[in-house]
Amino acid sequence: MYRNLEQMAIKALKKTINKLGYEEPSEIKLEQPPNPELGDLASAVSFQLAKQLKRSPMEIAAEIVNEIKLSELFEKVELKGPYINFYVNYNKFSRMVLKSIKTDYGQFKPNNTKIIVEHTSANPNGPLHIGHIRNSIIGDSISRILGFAGYEVETQYYVNDMGRQIAMVVWGFLNLDFEMDKSEKIDHEIGKLYFQVNEKLRADPELKNEIDSLLKQYEYGNEGKLEKSFENAVNQCLEGVKYTLKKINVSHDTYVWESKFVKDGSVASILQTLKEKNVTKTNEVLYLPLEDYGIEKELVLTRSDGTSLYSTRDLAYHVYKSKNCDELIDVLGSDHKLAIDQLSIALDILDSRSPEVIFYEFITLPEGSMSTRRGVFISVDEMVEEAVQRAFGQLEIKRPDLTEEEKIDIAKKVGIGAIRYFIAKLSPEKHIVFKWDEALSFERGCASIQYAHARSCKLLKKCGYDESKSIAESEIEILDHPTEIDLIKTLSKFTSVIEESARLRRVHLLAQYALDLAGAFNKFYKSVQVKGSNKEVSRLLLVDRTRITIRNALYLLGIDAPNSM
RNA sequence: GGGCCCGUAGUCUAGUCUGGAUAAGACGUGGGACUUCGGAUCCCAAGAUCGGGGGUUCAAAUCCCCCCGGGUCCGCCA
């Protein structure tokens with residue numbers, strides 16, 4: 001809705017510039033004035049015109065302000081030096097905003113575009129650790145946002161069941177006498193097994209041959225028994241992973257096993273196509289030279305024993321995805337940048353679409369990077385438990401009136417919220433050094449957003465607010481307290497934020513917005529009386545619209561909005 | 001060595017794509033606000049030569065070049 005205002009202002013500016021007979025600059029942008037006294041929107045278009053007209057910006061701005069005609073949603077336009085400042089008519093605008101927010105606020109009409117988002121795709125050789133979680137949270141949130149923005153979204157988890165890592169786990173199952181501890185989560189047990197095999201391999205490098213042979217048999221052989229071993233190992237681990245993901249409100253529509261592309265012949269057919277196009281070369285291995293594309297490193301397509309590599313299968317996977325959607329997005333750690341460049345060239349040769357990639361930087365521990373192989377990591381399960389426990393501790397202090405079950409329920413929502421928010425609020429290109437207290441803060445973070453929501457629920461209930469009762473736009477009283485105006489303005493920006501977040505594929509814009517919105521609400525709540533005031537009806541409407549908007553914003557971040565906390 | 005990313009108050013960040021007015025938040029620190037709807041809240045204060053240096057521009061945290069510091073990639077791993 002705020003967008004409408006901006007467009008109206010731009011239109012008015014353009015019209016005026018044309019009327020004055022000046023050449024319209026290619027792009028007219030608006031900005032936020034540095035403080036509210038200078039209005040709601042500002043234009044520095046006079047600078048652009050100054051160059052063209054060889055006259056002073058102030059003079060030109062004055063001319064425009066004299067001539068400009070505005071819609072009634074604007075109260076006035078003022079000249080401040082070279083700047084043209086627009087003041088919104090909040091009497092009219094507020095009513096419009098309050099009236100138009102419904103329970104699905106922020107949801108766009110379908111745009112008939114199917115988009116596949118691949119995220120998480122962690123190897124099933126151990127539990128998810130807090131390094132993986134950035135992928136899941138960004139991927140899940142952007143999927144939700146794109147869905148809201150009108151896309152038909154399918155989320156996919158690419159299951160690596162053919163890699164050497166998995167062969168190592170299978171080898172461990174077959175050769176080590178490893179006792180699974182049934183009381184532990186299965187993915188954690190597999191992680192321990194994987195660690196042990198790595199230790200063995202370090203002690204005896206010859207083992208590599210045995211593992212390679214397993215890999216070869218799995219890829220070539222139709223030996224049902226071995227196939228079952230791989231499937232079992234992967235499935236078991238994946239169950240643990242799915243369970244963890246579910247705890248943090250992440251799920252996938254489809255799980256695609258990479259072996260599918262070997263079995264159905266698409267890997268072979270892609271290799272064939274590349275050979276026919278005469279772009280591959282062979283020494284001990286089949287490879288795709290990439291110097292001509294500015295990449296030193298060639299893309300190896302098959303091992304010397306003929307088996308396929310991850311990249312080859314990934315190539316087939318991307319061709320497959322490409323055929324099944326209009327746009328595709330991968331969420332990947334930035335360490336995959338070179339690999340994706342290589343892949344994209346190969347896809348281009350195959351006349352297939354390259355993925356758009358959301359890259360994120362690593363999360364490391366203060367003492368260094370995490371590694372499943374070395375068994376050095378903080379698992380997501382561990383983090384969730386810690387988060388929920390801390391939230392529970394807070395509830396014991398703040399809400400002794402609640403039952404144990406209620407406290408547990410809320411602690412989960414608050415704890416998970418803290419985790420998701422911690423990741424979602426940061427730009428993905430920022431490297432994170434993990435510290436518990438930063439990750440699980442309950443002040444001015446997600447908890448304060450959830451708190452604003454719970455507060456609004458409570459207040460509506462206390463005032464006996466009836467959601468189904470509609471009131472006419474003309475009945476809405478003028479809400480002109482600065483905190484009311486600010487809150488309404490913030491509410492009206494929600495759709496723009498979703499649009500921008502979806503377009504730029506940047507989740508943190510929305511996370512930032514949610515905090516701003518909660519802040520605007522908390523300030524309003526502190527300084528304006530609702531219950532029993534002479535504007536109770538209208539203010540309750542404002543509280544309800546805020547409640548809806550916070551809830552929807554949190555939903556898009558995969559965070560629950562408790563009614564009480 | 002080459003490629004990519006990051007560097008903004010003591011700490012963590014937003015703003016960089018698309019240049020625009022006094023660089024915006026949070027944590028921490030110091031003060032303050034409950035006879036009105038929930039204090040996981042709100043208000044006030046101190047704290048920044050936007051890593052350094054050049055350049056482009058009427059205007060640079062933002063664009064270009066060089067340098068410094070940190071991360072990461074450069075596997076017949078995934």
Side-chain angles (χ1 to χ4, degrees), chain A residues 27 29 31-35 38 42-44 46-48 50-51 56-57 80-83 85 121-123 125 160 162-166 212 258 283-287 294-297 300-311 313-314 333-339 341 359-362 364 369 373 391 394-395 397-399 414 425-433 435 437-438 441-452 454-456 458-460 462-463 483 504 506 508-509 511-512 515-516 518-519 521-523 525-533 536 539 543 564-565:
Chain A
E27 197 189 5
K29 284 183 304 175
E31 54 209 77
Q32 197 67 222
N35 71 61
L38 293 172
S43 167
S46 62
F47 286 109
Q48 286 166 279
K51 186 159 269 174
S56 99
K80 186 82 185 176
Y83 293 93
N85 295 340
S121 303
N123 287 341
N125 60 347
N160 179 345
M162 286 201 104
R164 184 169 275 138
Q165 278 88 332
I166 305 311
D212 280 355
E258 63 168 346
N283 42 37
E284 309 89 84
V285 298
L286 181 72
Y287 68 96
I295 295 178
E296 295 290 310
K297 191 70 210 166
V300 178
L301 296 164
T302 56
R303 293 192 180 95
S304 50
D305 67 0
T307 54
S308 62
L309 283 132
Y310 175 83
S311 346
R313 296 175 310 251
D314 204 21
S334 62
D335 54 332
H336 287 70
K337 275 185 180 170
L338 175 62
D341 286 345
F359 287 110
Y360 60 90
E361 290 291 332
F362 278 13
T364 55
S369 62
R373 182 168 49 80
Q394 294 283 310
L395 281 159
I397 301 163
K398 295 175 201 281
R399 296 298 303 275
V414 173
K425 73 175 179 190
L426 294 177
S427 312
E429 60 271 14
K430 220 95 171 181
H431 170 211
I432 299 176
V433 178
K435 293 182 190 107
D437 290 340
E438 280 171 16
S441 156
F442 295 126
E443 281 182 19
R444 301 303 181 95
C446 188
S448 79
I449 303 169
Q450 290 171 314
Y451 181 70
R455 247 181 170 180
S456 68
K458 197 58 172 292
L459 181 53
L460 291 167
K462 208 157 202 168
C463 296
T483 61
L504 300 176
R506 282 172 94 73
H508 75 278
L509 301 177
Q512 188 59 52
L515 191 63
D516 290 345
F521 177 73
N522 281 331
K523 288 185 177 83
Y525 188 93
K526 205 74 181 183
S527 43
V528 177
Q529 183 70 19
V530 175
K531 191 167 185 278
S533 78
E536 180 171 327
R539 287 187 177 145
V543 173
S564 159
M565 64 185 273

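Just so it is clear, the model here is predicted, and its values are computed rather than measured. Quick note on labels: first sequence line is chain A, next is B, and so on, each numbered from 1.
- For G30(B) and A14(B), the P atoms lie 27 Å apart once the distance is rounded to whole Å.
- When each of Lys462(A) and Lys425(A) is assigned the nucleotide of RNA chain B with its nearest heavy atom, Lys425(A) is the one assigned upstream, toward the 5' end.
- Here the side chain of Lys458(A) is nearest to one of C74(B), C76(B), G38(B), namely G38(B).
- Contact of the Ser311(A) side chain with the Val300(A) side chain is not registered, since no non-hydrogen atoms from C-beta on lie closer than 4.5 Å.
- No side-chain heavy atom of Tyr83(A) sits less than 4.5 Å from a side-chain heavy atom of Ser43(A).
- Legend: residues meeting salt bridge (Lys or Arg N to Asp or Glu O under 4.0 Å) with Arg455(A), ordered by chain and number and at least two apart, are absent.
- A distance of about 15 Å separates the P atoms of A46(B) and G10(B), rounded to the whole Å.
- Side-chain contact check for Val543(A) versus Tyr525(A): every heavy-atom pair is 4.5 Å or farther apart.
- If you check every strand for non-hydrogen atoms under 4.0 Å, Leu395(A) touches a base.
- Contact between the side-chain N/O atoms of Tyr287(A) and the OP1/OP2 oxygens of C76(B) is not found at any separation under 4.0 Å.
- The distance between atom CD1 of Ile295(A) and atom P of C73(B), rounded to the nearest whole Å, is 17 Å.
- The shortest side-chain heavy-atom distance between Leu309(A) and Leu301(A) does not fall under the 4.5 Å cut-off.
- With both ends at atom C1', the span from A45(B) to U49(B) equals 22 Å, rounded to whole Å.
- Take the nearest nucleotide of RNA chain B for Leu504(A) and for Arg455(A): the residue whose nucleotide is more 5' is Leu504(A).
- At least one side-chain nitrogen or oxygen of Ser427(A) sits closer than 4.0 Å to the OP1 or OP2 atom of G15(B).
- Residues meeting the salt bridge (Lys or Arg N to Asp or Glu O under 4.0 Å) test with Glu429(A), sequence neighbours left out: Arg506(A).
- With a 3.5 Å ceiling on both atom-pair distances, the Watson-Crick or G-U wobble partner of G20(B) is C58(B).
- For Arg399(A), no side-chain nitrogen or oxygen approaches OP1 or OP2 of A40(B) to under 4.0 Å.
- Residue Ser533(A) is classed as having no contact, given no heavy-atom separation below 4.0 Å to the nucleic acid.
- Side chains of Arg399(A) and Ser564(A) form a contact here, defined as non-hydrogen atoms less than 4.5 Å apart.
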Any N/O pairs under 3.5 Å between the protein and nucleotides 20-25 of chain B? List them or say none.
from	atom 1	to	atom 2	distance (Å)
G20(B)	O2'	Glu31(A)	OE2	2.2
G20(B)	O2'	Tyr83(A)	OH	3.3
A21(B)	O4'	Tyr83(A)	OH	3.3
A21(B)	N6	Asn85(A)	OD1	2.9
A21(B)	N1	Asn85(A)	OD1	3.4
A21(B)	N1	Asn85(A)	ND2	3.3
U22(B)	O4	Asn35(A)	ND2	3.0

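- Val528(A) is listed as a side-chain neighbour of Arg539(A), based on a closest heavy-atom distance under 4.5 Å.
- Residues Lys80(A) and Pro33(A) have side chains not in contact (no heavy-atom distance under 4.5 Å, counting atoms from C-beta outward).
- Not counting sequence neighbours, Arg444(A) has no partner by the salt bridge (Lys or Arg N to Asp or Glu O under 4.0 Å) test.
- Applying side-chain hydrogen bond (donor to acceptor under 3.5 Å, both in side chains) to Arg164(A) and the options Asn125(A), Asn123(A), Asp212(A) leaves one that passes, Asp212(A).
- Straight-line distance between the C1' atoms of A60(B) and G19(B): roughly 6 Å, to the nearest whole Å.
- Across C37(B), C76(B), A40(B), the shortest atom-to-atom separation from the side chain of Ser304(A) is found for C76(B).
- Val543(A) comes within 4.0 angstrom of nothing in the nucleic acid, heavy atoms only.
- The nucleotide whose nearest atom lies closest to any side-chain atom of Leu309(A) is, among C77(B), U41(B), U72(B), C77(B).
- On the P atoms, C50(B) is 14 Å away from G7(B), given to the nearest whole Å.
- Nucleotides U18(B) and C63(B) are separated by 11 Å at their C1' atoms, to the nearest Å.
- In this structure Asp305(A) satisfies the side chain to side chain contact (heavy atoms under 4.5 Å, CB included) test together with Lys216(A), Arg303(A), Thr307(A), sequence neighbours excluded.
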Footprint string (nucleotides 2-8 of chain B, 5' to 3'): B base within contact, S backbone only, - free, heavy atoms under 4.0 Å: --SSSS-

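- Comparing C76(B), C77(B), U41(B) by their closest approach to the side chain of Val285(A) singles out C76(B).
- Separating the CG atom of Asn522(A) from the P atom of G39(B) is a distance of 10 Å, rounded to the nearest angstrom.
- Taking side-chain N and O atoms only, Lys526(A) has no distance below 4.0 Å to OP1 or OP2 of C43(B).
- For the P atoms, the distance linking C65(B) with C5(B) amounts to 11 Å, nearest Å.
- Here the separation of A48(B) from U36(B), taken at their P atoms, is 39 Å to the nearest Å.
- Between G39(B), C12(B), U72(B), one nucleotide has an atom nearer to the side chain of Asp335(A) than all others, and that is U72(B).
- The side chain of His508(A) sits closest to A14(B) out of A40(B), U11(B), A14(B).
- The CG-P distance, from Leu426(A) to C12(B), rounds to 12 Å in whole Å.
- C74(B): Watson-Crick or G-U partner is G1(B), with both key distances under 3.5 Å.
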